[in-house]
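Following: one structure in C-alpha cells, then a few remarks.
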Amino acid sequence: MPKFLTSINAISWYFLFPVIFIHFFVVAFPSILSLLLCLTDWNGFGRINYVGLENFQELFRDRVFKKAVKHNIIWTVMFLTIPVIVALTIAYLLTGIKRGQLFYRLVYFFPYILASIVNCLIWRYIFHPRHGLGGWFENQGIDFLAKSPFAMKETALYAVAWVDMWHFWGFLVIIYLTGMYQVDDSLYEAADIEGATKFQKFRYITLPMIRPIFVLSLIIIIIWSVPTFDYVYILTMGGPAYSSEVVANHLYSQAFQRMNVGYASTIGVMMFFYVGIIVGFFAILRRMGWEV
Amino acid sequence: MATARFRQRSSYINHAILIFMALTIILPLLVLAFNSIKPSSEFGANPLGFPNEIRLMNYYDAWVNGNYTQIFTNSLTLVIGTLILNLTVSGLAAFSLAVLNPKGIQTIVVGLYLLVGISIPAQLFILPLFLMWKTLYLLDTRIGLIIIYSALNAPFATFLIRSYMLQLPTELFEAAKLDGASVMQLFTRVALPLSWPVFLTTALIVSLTVWNEFLFAITFIITDEYKPISSILFTFQSRFANDYGLVSAASILMAAPIAILFMFFQRRFIAGLTSGATKG
C-alpha cells in the first residue's frame, strides 16, 4: 500500500468517514435538496418546474404563515421570560438549602425526561372539559373555566405553551445550578460582612457570575423555539382556526397533507436562515470578546 | 441570635416555595397514576382523586388491546439498533478527533460540520428525506428509522465521547504503540475499555431520545404493526378516546422504563443532557 494511504493523517480520516457519511446522507444532502426545491413548484410527483422566488413571494402573502410566525415569536418571548425567571429563582433558593436538595432537583428535572406524548396526555386529561378540572369547575358553578383551554381560540396557544414549559423549566434549573455552584463562596461571605440582602447578593454577585451560562440558556431557548412542533401537533393540531398554528406545523401540513414540496421547502429554508442568523450573531458576539 | 432566627424563618419560606413548585410537578403525575388504576365508570364522579376501586386490569387491557408486546419490541428494536449504529460511528469518529489527530485539520472541519449539523432544524430536511426514503424502500421500515436516529444523534454523541477521550493520558497509547498495537487495537483495546463511562452516558441519552422521539416516528412509520410506542400512543388518544384508564395505563407503561433507568442513573442522565445543551 502506498505510504500516504497508511499515514496517520489518512487513517484518522478513515475513522471519521462513517459518521460523515451517515450524517451527510440523512441531514446534509436532503437539506441541500430542500434549498434547491424551494425554487420549484414540485408537488412530489410529475414535472419539476423552476419558478424562481415565487414561493417566497407567496409565503409573504400567506396569512396562515404570518400568523404562525407571530405565534412563534410569542412562544419564544414566553419561553425567554416565564421558565427563565422561575428557574433562576428556584435555582437560587436551592443553593441556600442543604437538606432535600437532591430530592427537589430530581423532581424538577423529571418531566424533562418524559416523552412529549405522555406530557400532553397528562395535561389534556387535566384540562378535559368533562372529566378533568373542567368538570370540577362546572360542579363549583364556575362555568367559564369549564371549557378546555386547548379548544378555545383565545387560550389554545398559551395552554400548549404551558404544557411545554411545565416539562422544560426543570432543565433550566439544573443548568443554572451548575453555574451557581461555580461562584466563589468568598464573594458571598464578603457581601455578608457588608450586610447585603439576599436580593442584592443575587443581583450583584450571582447574576454577573453566571452570565455566560445564562446567555447560553437564552440562545438555546431561542434556537429550540424555532422548530417547536410536538406539543402543538399533539394537543391542538394548530387549531382551533389556526389560533395555535406555529411555523413547523404549517410546514408539516403543507408537506405531508398537501404535498406542496416546493412551498414546504421554502418554509424550511426560512427557518434555517433564521436559526443561522441567530447562531451567526452570537458567534460574532463571542468573537468580539463578549463572554457569552 | 436574631439573625439565626431570621435565617430559619426565611429557610421555611424557601422550603415552602420549593415544595409548592415540586407539587406542581408531582400532582399532575399523580393524577396520571390514579387514572391508570381507575375503572372507567368512576371518571365522571371522581375525575382527579384517588380511585375508590382499584382496577389494575387497565394495564392488562392496554397491553392486550394495544398490542403492546409488538409495540415494545418495535421501540426496543429502534433503541438497540440506534445504539449499535450510532455508538459505533460516533465512537470511531471521537477516537479519531481526540486521539489519532487531535490537532489536525479534521478536527476543525468535522467539528464545524457537526456543529452546523446540530443547528439545522429537522423541518428543513424532513420532506426531501421522506422522498429519498420512499425511493430507497426505507420508508415504513424500522431500519430506515434506525439510520435516521443514528445520524441525528451522531453530532451530540461524537462531541460527548470526544471530550472524554481527550482526557485519557497519551502515554497509554504511546506505550501500546511501542508494544506493536495497530491503530484498530489502540481503539478496541485501549480507548474503549477506558472510556466505558462516557459510552454508558451517551447510550442512556440516545436511548432516551429514541424512545421519546415523536416527529420522525409519526412521519416515517405508517403501518401500525411497525409503529414505536410514541406514535402508537398518539393514535390511542383517538382510538380509545373515551377509555382514559387504558390510555393512562399505556402512558405509564411508556414512561416506566425511562423512569426506572432515571432512578438508577440520574447523575449520568442529568450530566449527559445538560452537556448536550451547553455544547450544542
Side-chain angles (χ1 to χ4, degrees), chain A residues 8-9 11-13 15-16 18-20 22-23 26-27 30-31 33-34 37 44 90 93 96-97 104 106-111 113-118 121-123 125-126 131-132 135-136 174-175 178 216 220 223 226-227 229-230 234 248 251 255-256 261 264-265 268-269 271-272 275 279, chain B residues 11 14-15 17-18 21-22 25-26 28 31-32 35 43-44 47-48 89-90 92-93 95-96 100-101 104 106 110 117 119-125 127-129 131-132 147-148 150-151 154 158 183 208 212 214-215 219 230 233-234 237 244 247 251 254-255 258 262 266 269-270 274 277-278:
Chain A
I8 194 72
N9 196 25
I11 291 173
S12 62
W13 275 113
F15 275 76
L16 286 169
V19 91
I20 297 175
I22 190 171
H23 196 268
V26 172
V27 177
S31 296
L33 279 183
S34 222
L37 285 170
I90 293 296
L93 291 183
I97 67 156
Y104 288 125
L106 288 185
V107 170
Y108 299 147
F109 195 73
F110 188 71
I113 61 154
L114 290 180
S116 48
I117 180 76
V118 172
L121 286 173
I122 292 175
W123 284 97
Y125 178 78
I126 290 178
H131 300 313
W136 187 80
I174 303 291
I175 300 243
T178 322
L216 191 80
I220 291 174
I223 293 175
V226 180
F229 173 81
D230 289 17
I234 297 169
L251 182 149
F256 293 103
V261 179
S265 298
V269 169
M271 292 169 81
F272 173 60
V275 172
V279 173
Chain B
S11 119
N14 290 355
H15 272 287
I17 298 172
L18 292 170
M21 291 313 284
I25 285 169
I26 294 170
V31 169
L32 180 74
N35 287 343
F43 273 90
L48 300 175
V89 298
S90 309
L92 288 171
F95 176 67
S96 170
L100 286 183
N101 205 349
Q106 290 93 324
V110 178
S119 27
I120 295 178
Q123 281 83 1
L124 176 67
F125 56 84
L127 180 57
L129 186 67
L131 299 169
M132 274 167 68
I147 296 173
I148 295 175
S150 302
T158 306
V183 179
L208 175 79
N212 287 349
F214 182 73
L215 171 62
T219 311
S230 63
L233 211 49
F234 181 64
Q237 54 170 355
Y244 268 103
V247 176
S251 310
M254 176 177 188
I258 294 295
F262 183 65
Q266 358 136 341
F269 267 110
I270 292 175
T274 49
T278 45

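Below, chains carry the letters A, B, ... as their sequence lines are ordered, and counting in each starts from 1.
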Quiz prompt | Spacing of CG belonging to B:L32 relative to CH2 belonging to A:W123, to within rounding of 0.5 Å | solution = 12.0 Å

Quiz prompt | Approximate separation, where rounding is to 0.5 Å, of B:F262 CZ and A:L114 CG | solution = 9.5 Å

Quiz item: Hey, what do you get for OG (A:S12) to CG (B:N101), rounding to the nearest 0.5 Å?
Solution: 4.0 Å

Self-check item: Per-residue contact mode, B:L208 against chain A (heavy atom under 4.5 angstrom)
Solution: side chain

Self-check item: Engaged part of A:A264 at the chain B interface, taking heavy atoms whose separation is under 4.5 Å
Solution: side chain

Self-check item: Set of residues satisfying ring pair (Phe, Tyr, Trp, His ring centres under 6.0 Å) with respect to A:F272, sequence neighbours excluded
Solution: none

Exercise. Look at the side chain of B:N212 and the backbone N and O of A:I113, then say whether any donor-acceptor pair between them is shorter than 3.5 Å.
Key: yes

Quiz item: Hey, what do you get for OG (B:S251) to CG (A:L121), rounding to the nearest 0.5 Å?
Solution: 4.5 Å

Quiz item: For B:M21, is it the side chain, the backbone, both, or neither that has a heavy atom closer than 4.5 Å to a heavy atom of chain A?
Solution: both

Exercise. Classify the angle between the aromatic ring planes of A:F15 and B:F95 as parallel (below 30°), tilted (30 to 60°) or perpendicular (above 60°).
Key: tilted

Quiz prompt | Interface moiety of B:L131 toward chain A, non-hydrogen atoms closer than 4.5 Å | solution = side chain

Self-check item: From CZ (A:F229) to CD (B:Q123), nearest 0.5 Å
Solution: 7.0 Å

Quiz item: For B:T158, is it the side chain, the backbone, both, or neither that has a heavy atom closer than 4.5 Å to a heavy atom of chain A?
Solution: side chain

Quiz item: B:Y244 versus chain A, heavy atoms under 4.5 Å apart: side chain, backbone, both or neither?
Solution: side chain

